[in-house]
Amino acid sequence: MKYTDVFVEMVHGVGILFAGHFTCEGLIDDLVYQDLHERIDRTRFSDPLEDSGFQYGFNSTYLKKVVSYWRNTFDWKQQVAVLNKYPHFKTKIEGLDVHFIHVRPKHRGDQRVLPLMMVHGWPGSFYEFYKILPLLTQNHDGVSFEVVIPSIPGYGFSEAPHKKGFNSLAAARIFLTLMERLGFSQFYLQGGDWGSLITTNMAQMRPDRVKGLHLNMCMSTRGFKVLLSMMIGPYLPFLVGFSREDVRRLFPFFEKNVWEMLKESGYLHIQATKPDTAGRGLNDSPVGLAAYLLEKFSTWTHKRNRDLEDGGLERKFSLDDLLTNVMIYWTTGSIISSMRFYKENLGSNPNDRIDARTGIFVPTGLAAFPQELLHCPRSWAQIRYRNIVSYTFMPQGGHFPALEEPRLLAADVIQFAKKVEEL
């Protein structure tokens, strides 16, 4: 990264001192790029099983194509220019350098500008939101958003924690401080994956500041009501608050919620127990890192992609976008610290944490994408989120909607915020 010594950003007429306003030219280091190419050239490929698609993980035949593109065609300098399209900042909070992007809409006298923080998850990064940013910062019938996108500490350009225990509650606390430093007394939040938990924690900590919480992933709680609806739902859905679409997405329950999660959660068990062991190999092999990360962009976008030799990756994403995300992890050496976030949050029983026993009372909007890993019906979400003002069955899309279906996600965020503003 390329820093200025000191940068003062004027926010609502207040000077805010940051560690630096930086660009990403420092990522274009000839020695780093030479080292990357040498490591790629030394890759030892193995042959996949016949007709295995992505069922065993990233297919080696297709991996060779991705690696060839990465080595011979991918233009990292051009992608760094894309990263620099939006202004980057760093500020020190609780001893950690926290990276964020801050994008304001073009000034118009007839529009309300609503502050919005969007938080990524794993294996994503701030770059996930680059396609949705121009949609949210343009004028929508008098409403636009001023968007702040931080990197979770330990991910990408944010400094990694140095002590044990940095979980979603710690990230939420830091991001609340960031919004306070930027001068926002009230703001909206949006998140998926870990971002959904972090933003939920922010809403629990400071409901007076969070005007609205929009999520594209919602984890249901356990309890008698959920158990009863699992038993009755397929036969008498209306008695337990299920719609026909809920029934279609949830059942057969064991197949869609247990068996499917067993297929897709092996990484979670590794990262929640011994992240450093697997991480060492990924931090040393760029091709191993790419296979590990990009396999998630295949299956988590659509489960049927497991049956395809190319994993369906280029049906929804470009190799440039996918490899840019990989390069953010590679150039910053942040794969191990990003994986540790699982152990910090799942190393003990999550149901014993204070946030698991605390309701969420701010206005909440949920966008239920059909290919999300787990479906959460509105009736289940209401157990924790007590003020749901918007619940949308999205027509298509999976786990990475900001990158995969930016227009659909942007439209839902906009309609949700307008509803809240009218309350």
Side-chain angles (χ1 to χ4, degrees), residues 1-3 19-20 22-29 31-33 35-36 39 70 76 79-80 83-84 88-101 118-130 149-168 170-171 174-175 178 191 193-195 197-198 267-268 270-272 274-297 321-346 400 403:
M1 284 72 72
K2 182 180 179 181
Y3 295 88
F22 71 90
T23 59
C24 304
E25 273 82 4
L27 298 177
I28 310 173
D29 187 310
L31 292 178
V32 171
Y33 214 46
D35 174 68
L36 171 68
R39 290 171 186 261
W70 193 5
W76 179 227
Q79 292 307 113
V80 166
L83 293 180
N84 283 329
H88 297 250
F89 305 92
K90 276 193 175 183
T91 184
K92 191 172 287 294
I93 303 176
E94 298 186 15
L96 297 174
D97 282 334
V98 179
H99 161 262
F100 64 99
I101 295 171
M118 307 184 79
V119 184
H120 66 88
W122 189 93
S125 65
F126 67 90
Y127 184 65
E128 278 183 69
F129 300 106
Y130 266 50
I149 301 174
S151 294
I152 301 171
Y155 287 70
F157 301 148
S158 281
E159 183 179 355
H162 304 283
K163 298 179 180 180
K164 295 187 294 184
F166 189 93
N167 59 15
S168 65
I174 280 178
F175 290 166
L178 173 59
D193 196 86
W194 283 125
L197 180 57
I198 294 169
Y267 82 97
L268 185 148
I270 292 173
Q271 295 177 192
K274 304 291 179 64
D276 285 30
T277 302
R280 298 299 175 196
L282 301 177
N283 196 51
D284 193 59
S285 168
V287 175
L289 177 66
Y292 193 72
L293 298 182
L294 298 187
E295 182 248 311
K296 305 308 177 191
F297 283 86
D321 285 337
L322 293 172
L323 290 171
T324 295
N325 186 64
V326 172
M327 286 292 286
I328 290 171
Y329 280 86
W330 178 257
T331 56
T332 58
S334 59
I335 184 58
I336 296 176
S337 53
S338 75
M339 293 165 68
R340 287 174 182 160
F341 201 60
Y342 283 78
K343 186 171 180 65
E344 304 296 7
N345 284 286
L346 303 173
F400 307 98
L403 188 60

Measure across [X] and [Y] and return the closest heavy-atom pair with its distance rounded to 0.1 Å.
X: Asn283; Y: Gly333; result: OD1-CA, 3.6 Å
X: Ser158; Y: Ser151; result: OG-O, 2.6 Å
X: Gly279; Y: Ile335; result: O-CG2, 4.2 Å
X: Trp330; Y: Leu282; result: CZ3-O, 3.9 Å
X: Met339; Y: Ala278; result: CE-CB, 4.1 Å
X: Tyr329; Y: Pro123; result: OH-C, 3.2 Å

Original post:
With Thr324, which residues qualify under side chain to side chain donor-acceptor pair (under 3.5 Å), at least two apart?
Top reply: Gln79
Original post:
Can you list the steps and then say if Trp194 with Tyr155 is a ring-ring contact (aromatic ring centres under 6.0 Å, His included)?
Top reply: CA-CA 12 Å; Trp194 283 125; Tyr155 287 70; 8.7 Å; no
**OP:** Examine Tyr342 together with Tyr267 and report whether their ring centres are nearer than 6.0 Å.
**Re:** yes
Please report the interatomic distance [atom1]([X]) to [atom2]([Y]), rounded to the nearest 0.5 Å.
X: Arg340; Y: Phe166; atom1: CZ; atom2: CZ; result: 13.0 Å
X: Ile93; Y: Glu159; atom1: CD1; atom2: CD; result: 11.5 Å
X: His120; Y: Ile152; atom1: NE2; atom2: CD1; result: 4.0 Å

Original post:
Hey, does the side chain of Glu344 reach the backbone of Asn167 with a donor-acceptor pair shorter than 3.5 angstrom?
Top reply: no
